[in-house]
Participant: 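I have a structure here, written as structure tokens, and I will follow up with some questions on it.
Order of the sequence lines fixes the chain letters, A, B, ..., with proteins taken first and strands second; residue numbering starts at 1 for each chain. Values below: all heavy atoms of this structure, side chains included; hydrogens, waters and symmetry mates excluded.
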Amino acid sequence: MRGVGLGLHNLSKHFGRVVALRELTLGIRAGELVSFLGPSGCGKTTTLLLIAGIYRPTTGEIHFDDRRMDALHPRDRDVGMVFQSYALYPHLTLYENVAFPLRLKRMGREDLDRRVRQVAEMLGIGQILERHPGQVSGGQQQRAALARALVKEPKVLLLDEPLSNLDAQIRLQARAEIRRLQQGLGVTSVMVTHDQAEALAMSDRVAVFSMGEVQQFAPPEELYYRPANTFVAEFVGYPSMNLIGGEFVDGRFHGDGVEIVAPGCGYAGKGWLGIRPEHVRIGDEVPGRALVVESQGREALLTVEVSASLMFKALLPVEAAPRAGEQVGLGWEDHRLHFFDRSGVRLPGYGGGRS
Amino acid sequence: MPLLPRWWRLVLAALILITLPILVGYVWLVLAALFERVHGLVPAGSLSLKNWRFLWMGAVEERPSIWVALKNSLVFAGSVASLKVIVASMAAYAISRLLFPGRGVLLGLILVLHAFPAISLIIAIYYILRTLGLFDTLLGVIMVKVALELPLGVWLMKGFFDNLSWEMEMAALADGASRWQLFWRVALPMVRPGLLALGTFAFISSWSEFILPFTLIVSGQNWTLAIFLQSFREEAFVDYGMLAAVGLFYTLPILLLFMVGQRFLLNIYGGGLKA
């Protein structure tokens with residue numbers, strides 16, 4: 001099962017006057033697992049359904065390697081898809097559910113049986129094939145849905161929030177399993193999720209969506225260390241990055257009652273400064289008062305009042321954390337700072353490096 | 001027995017009282033059919049099969065043998081039920097799932113048609129059937145009955161299809177199904193409770209249909225049981241014993257079907273939601 005390279009060119013989808021997806025261009029390499037990450041209603045599921053052929057694009061093209069696919073019926077595209085609700089057919093046994101795509105292809109009885117059993121074994125549902133979807137657990141339903149998507153040996157595997165209906169415990173296990181399976185088969189995969197931990201953990205690259213547009217398409221580390229704009233900066237990473245609006249003047253940043261040295265930033269004018277809570281230390285850059293201290297076990301999450309209108313989040317080791325109400329000075333290593341211009345686009349300079 | 005509040009007994013008593021006249025009717029029907037004579041509800045004379053002689057009677061003048069009428073009734077009700085289920089499910093699927101011009105208007109019209117008293121059309125229908133050469137044929141009555149009952153069927157089936165998840169259909173498409181395969185192999189099996197309910201409902205309603213066959217069928221060979229039963233009432237000397245026996249004979253199949261089908265019928269009033 002070798003995957004294909006997947007090309008999306010200027011893909012748009014309108015529903016009446018609503019623009020669900022705007023001019024998306026994205027190249028996905030053969031065998032890669034790419035996640036579409038974003039809040040709900042941002043166009044990520046729409047894109048997935050466009051690739052599957054369930055929606056037709058308003059404009060734009062979809063290519064699998066060199067073949068143009070956007071006018072083809074789903075059955076001629078060689079895609080397998082797993083849905084959020086699994087969408088198993090309740091009137092059929094798991095066996096018949098998995099066999100369904102092959103039956104539609106009128107595959108011979110013996111080949112069909114061999115393929116169904118093979119993929120069922122691979123997913124560990126070989127023993128429960130005679131049961132109906134209503135009679136098995138959520139995790140088993142999810143495996144059956146995956147088996148149904150994989151049984152026709154698709155060139156592209158599409159996963160729409162495949163883990164969101166699972167218990168937290170099984171979810172971690174399923175995450176690793178899907179990734180292992182996907183890499184083993186080498187099938188090009190696209191996963192839609194709103195869970196950043198899932199996206200960062202499983203993907204080769206992540207496309208962050210907002211308002212029907214891709215904000216950044218990059219490997220997980222790059223999203224974290226070099227967010228392309230304030231949306232990605234705030235959306236990726238938990239707790240969210242501290243973002244302060246203000247003005248850059250002569251290598252200093254003035255905003256919301258604080259003044260911060262912005263070394264190496266040649267930009268002048270209105271903009272944004274960002275620093276992740278986990279990169280904030282005890283120091284002397286910015287004085288403030290600890291308002292709330294939430295213990296998270298190993299670390300404590302502080303909400304620090306820096307000025308009347310500015311709260312800072314800081315993640316500190318429990319030993320170093322002040323008590324609520326105490327004065328505290330905050331600091332950071334310079335290379336941890338992120339700078340964005342007035343429209344929120346990343347400014348070159350700092351914030352890129354791992355220490 | 002679930003424990004009911006005390007005042008429920010009062011409600012039950014009231015309900016029984018209201019139902020009593022109908023119950024008495026059925027009791028009379030059974031008694032009159034089984035005994036030689038009855039005075040009111042008191043049997044006079046012995047148990048007798050005399051009232052059931054219509055079972056082995058052949059055709060008498062216009063009236064065919066009961067077995068011909070039974071066959072006609074079965075053909076009539078069976079055809080109406082199957083046609084209605086087939087047409088209604090296809091129409092309902094299209095209305096529920098496909099976007100086409102005039103969909104809203106169509107939905108409105110269907111509701112209006114359902115509210116329309118069909119019997120006021122009977123003369124127009126008579127002329128239409130005569131023109132088509134379908135007057136005095138079973139096929140003609142079947143088509144009229146299906147047409148008149150279709151709006152309700154479409155409306156009911158639409159409710160069932162509306163409850164299907166879109167993801168399920170998308171999954172079938174992604175699995176490689178065409179629109180037709182999707183309809184036959186995924187959507188239809190999933191609304192099976194609705195199909196069964198609608199079919200049972202249509203069968204029962206056609207079985208007791210009187211006015212359409214009575215008006216549109218003349219030849220005895222095409223009589224349904226309803227006309228057969230009516231013909232006994234029109235005789236100079238009405239043999240009430242035999243009338244009761246025919247009535248009982250006419251009721252039995254539907255009682256049987258109702259016992260088998262009441263699970264599905266309950267479903268229809270549940271709005272098609274399946275737990």
Participant: Is it true that atom CE of A:Met211 has more than 12 heavy atoms of other residues, nucleotides or ligands lying nearer than 6.0 Å?
Facilitator: no
Participant: Quick check on the structure: residues of residues 52-71 of chain A within a heavy-atom distance below 4.5 Å of chain B, by number.
Facilitator: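 So far as heavy atoms go, A:Ile54, A:Tyr55 are the residues that approach chain B to under 4.5 Å.
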Participant: If you draw a 6.0 Å radius around CH2 in B:Trp166, do more than 12 non-hydrogen atoms from other residues or ligands fall strictly inside?
Facilitator: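 Result for CH2/B:Trp166: enclosed.
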Participant: Of all heavy-atom pairs between A:Ala87 and B:Met168, which one has the smallest distance, and what is that distance?
Facilitator: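 What the structure gives for the nearest pair is O-SD, 3.5 Å.
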Participant: Measure A:Leu49 against the heavy atoms of chain B and call it side chain, backbone, both or neither at under 4.5 Å.
Facilitator: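 For A:Leu49, the side chain is the part near chain B, not the backbone.
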Participant: Heavy-atom cut-off 4.5 Å, strictly under: side chain, backbone, both or neither for B:Glu167 against chain A?
Facilitator: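 Both backbone and side chain.
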Participant: Does B:Phe210 have more than 12 heavy atoms from other residues, nucleotides or ligands lying within 6.0 Å of its CZ?
Facilitator: yes
Participant: Between A:Tyr89 (side chain only) and B:Arg185 (backbone N and O only), is there a donor and an acceptor less than 3.5 Å apart?
Facilitator: no
Participant: Using a cut-off of under 4.5 Å on heavy-atom pairs, state which of A:Met81, A:Arg75, A:Arg103 scores highest against chain B.
Facilitator: A:Arg75
Participant: Under a 4.5 Å heavy-atom cut-off, does chain B meet the side chain of A:Phe100, its backbone, both or neither?
Facilitator: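 The side chain, not the backbone.
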Participant: Is it the side chain or the backbone of A:Asp78 that comes within 4.5 Å of chain B heavy atoms, both, or neither?
Facilitator: neither
